[in-house]
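See structure below.
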Amino acid sequence: MPLLTLVLAALIQGITEFLPVSSSGHLILLPALTGLEDQGQVIDVAVHVGTLFAVILYFWADVRLALGGLPRALRGKTDTEGARLALGLIVATIPVVIFGLILKLTGWDDALRSMTVIGWTMLIFGIVLYWADQTGPTKLKTRDWGLRHALTMGVWQAISLIPGTSRSGITITAARRLGYTRQDGAKLSMLMSIPTIIAAGTLAGVEVAATANGQAARDGAIAAALAFVAALLALTLMMRLLRSVSFTPYVIYRIILGVALLALAYS
């Protein structure tokens, strides 16, 4: 695969995975708007693995806490902070797994990969994010996250399987409406991405494993490394900016891109 395609796919995934602007939507648009070769599932899986390691590294303290509480959570015990966090992440992942299987079995996952769909979801869910961010209270912290809120955010996360919606954007929207601060809402969204990326990556990885070869493995390793660096930098920057900046800049970007895509789609 051309190096330019690898670099662009890795940078797009790395930069947009944790920003509320839809990484999947941007990856779909890459070949459509540039005429470059479609990066394919192998690279898609690789760049997601890169971003997975980035979020685990950035939130390692919370990841370690959840892993330590996982055995107790699996036994139905929530008497420790780690167990509550682990169980919350499990509950939040269930809706997206169910919805993902439905889309896969019905074939809708491919049908939704269009410029028109991405244009509308960019626009609509960008406006919804702005509404939630501007009107949602800011009283809750990560420690207040319980099973009811985990399930609510999980249901919203399932909607992100529609390209252009943005997994981080829709879960941050849900968190802001529930009353979480911008930083804590973003943190919960990022932690929710870990089991979600693992589930999606495992499913896609099984599909591509039979066709992968040495060249594909090399390309995947390059893409994963680049995506890891880009994601870590983007995540660090966003979390720092949220101390003083709202989500409005991302909303403006989404609206501009959404309008442009719709203009192209209907022209």
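This is a predicted model, so every value here is computed, not measured.
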Which atom of Gly154 lies closest to which atom of Pro95, heavy atoms considered
O-CB, 3.5 Å

Single hit among Lys187, His149, Lys141 for side-chain hydrogen bond (donor to acceptor under 3.5 Å, both in side chains) with Tyr180
His149

Not counting sequence neighbours, list each pair that qualifies as a side-chain hydrogen bond (donor to acceptor under 3.5 Å, both in side chains) and has a residue in residues 229-244.
none

Answer yes or no: is there a side-chain heavy-atom contact under 4.5 Å between Met192 and Leu89?
yes

Separation between OH (Tyr250) and CD1 (Ile172), nearest 0.5 Å, reads 8.5 Å

Donor-acceptor pair, side chain of Gln183 and main chain of Met239, under 3.5 angstrom
yes

Do you know which two heavy atoms are closest between Pro20 and Leu129, and how far apart they sit?
CB-CD2, 3.9 Å

Verify side chain to side chain contact (heavy atoms under 4.5 Å, CB included) between Arg254 and Leu123, making sure each step is shown before the conclusion.
CA-CA 6 Å; Arg254 289 184 65 113; Leu123 181 61; over 6 Å; no

Give the cluster check for Leu264 versus Leu29: same hydrophobic cluster or not, with ILVMFWY residues linked at side-chain heavy-atom distances below 4.5 Å.
yes

Is it true that, when you exclude Glu81 itself, more than 12 heavy atoms of the residues, nucleotides or ligands shown sit nearer than 6.0 Å to its CD?
no

Find out if a path of hydrophobic residues (ILVMFWY) with successive side-chain heavy-atom gaps under 4.5 Å connects Leu257 to Val251.
yes

Are Ile162 and Trp120 close enough that some pair of their side-chain heavy atoms sits under 4.5 Å apart?
no

Could you tell me whether the side chain of Phe53 reaches within less than 4.5 Å of the side chain of Leu232, counting heavy atoms only?
no

Might you point out which heavy atoms bring Ser189 and Thr171 nearest each other, and give the distance in Å?
OG-OG1, 2.6 Å

Mind listing the side-chain donor-acceptor pairs of residues 4-12 below 3.5 Å, one per line with the distance, residues two or more places apart or on another chain?
none

Just say parallel, tilted or perpendicular for the rings of Tyr253 and His26, cut-offs at 30° and 60°.
parallel

Nearest-0.5 Å distance, CZ of residue Phe228 to OG1 of residue Thr51:
10.5 Å

Taking Thr78 for the side chain and Arg84 for the main chain, is one N or O donor matched with an acceptor at less than 3.5 Å?
no

Side-chain contact, heavy-atom cut-off 4.5 Å: His48 with Glu17?
yes

May I have the step-by-step check of side-chain hydrogen bond (donor to acceptor under 3.5 Å, both in side chains) for Thr196 and Gln157, ending in yes or no?
CA-CA 9 Å; Thr196 300; Gln157 180 175 239; 3.2 Å; yes

Are side-chain heavy atoms of Met153 and Ile170 found at a separation under 4.5 Å?
no

Taking C-beta and beyond as the side chain, do Met190 and Met238 meet within less than 4.5 Å on heavy atoms?
yes

Between CG of Leu27 and CD1 of Ile43, what distance do you get to the nearest 0.5 Å?
11.0 Å

Taking atom CG of Leu241 and atom CZ of Arg182, what is their separation to the nearest 0.5 Å?
12.0 Å

Nearest heavy-atom contact between Val47 and Ala227 is O-CB, 3.6 Å

Using side-chain heavy atoms (C-beta onward) and a distance below 4.5 Å, is Arg176 in contact with Thr138?
yes

Begin with the C-alpha distance, continue with both residues' side-chain angles, and end with the deciding distance and a verdict on side chain to side chain contact (heavy atoms under 4.5 Å, CB included) for Leu87 and Lys77.
CA-CA 9 Å; Leu87 187 58; Lys77 298 181 178 180; over 6 Å; no

What is the distance from atom OG1 of Thr181 to atom CG of Leu140, rounded to the nearest 0.5 Å?
8.5 Å

Among Ser24, Ser166, Ser23, find the residue that satisfies the side chain to side chain contact (heavy atoms under 4.5 Å, CB included) test when tested with Thr16.
Ser23

Compare every heavy atom of Thr248 with every heavy atom of Gln134, then report the nearest pair and how far apart it is.
NE2-OG1, 3.6 Å

Shortest non-hydrogen contact from Pro249 toward Val245:
CG-CG1, 4.0 Å

Can you list the steps and then say if Ser114 with Thr116 is a side-chain hydrogen bond (donor to acceptor under 3.5 Å, both in side chains)?
CA-CA 5 Å; Ser114 72; Thr116 303; 4.7 Å; no

Go through the steps for Leu161 and Asp109 under the test side chain to side chain contact (heavy atoms under 4.5 Å, CB included), then give the verdict.
CA-CA 8 Å; Leu161 293 179; Asp109 55 335; over 6 Å; no

Take atom OH of Tyr130 as the centre, draw a 6.0 Å sphere, and report whether it contains more than 12 heavy atoms from other residues, nucleotides or ligands.
no

Applying side-chain hydrogen bond (donor to acceptor under 3.5 Å, both in side chains) to Thr142 and not counting sequence neighbours gives Asp184

How long is the gap from CG on Leu103 to CH2 on Trp108, to the nearest 0.5 Å?
9.5 Å

Single-linkage hydrophobic cluster, 4.5 Å side-chain cutoff, Ile94 and Leu74 together:
no

Is Leu101 linked to Leu112 within one hydrophobic cluster, defined over Ile, Leu, Val, Met, Phe, Trp and Tyr using a side-chain heavy-atom separation of less than 4.5 Å?
yes

Tell me whether Leu67 shares a hydrophobic cluster with Tyr58, the cluster being built from Ile, Leu, Val, Met, Phe, Trp, Tyr side chains joined at under 4.5 Å.
yes

Hey, does Arg177 have a side-chain heavy atom less than 4.5 Å from the side chain of Thr135?
yes

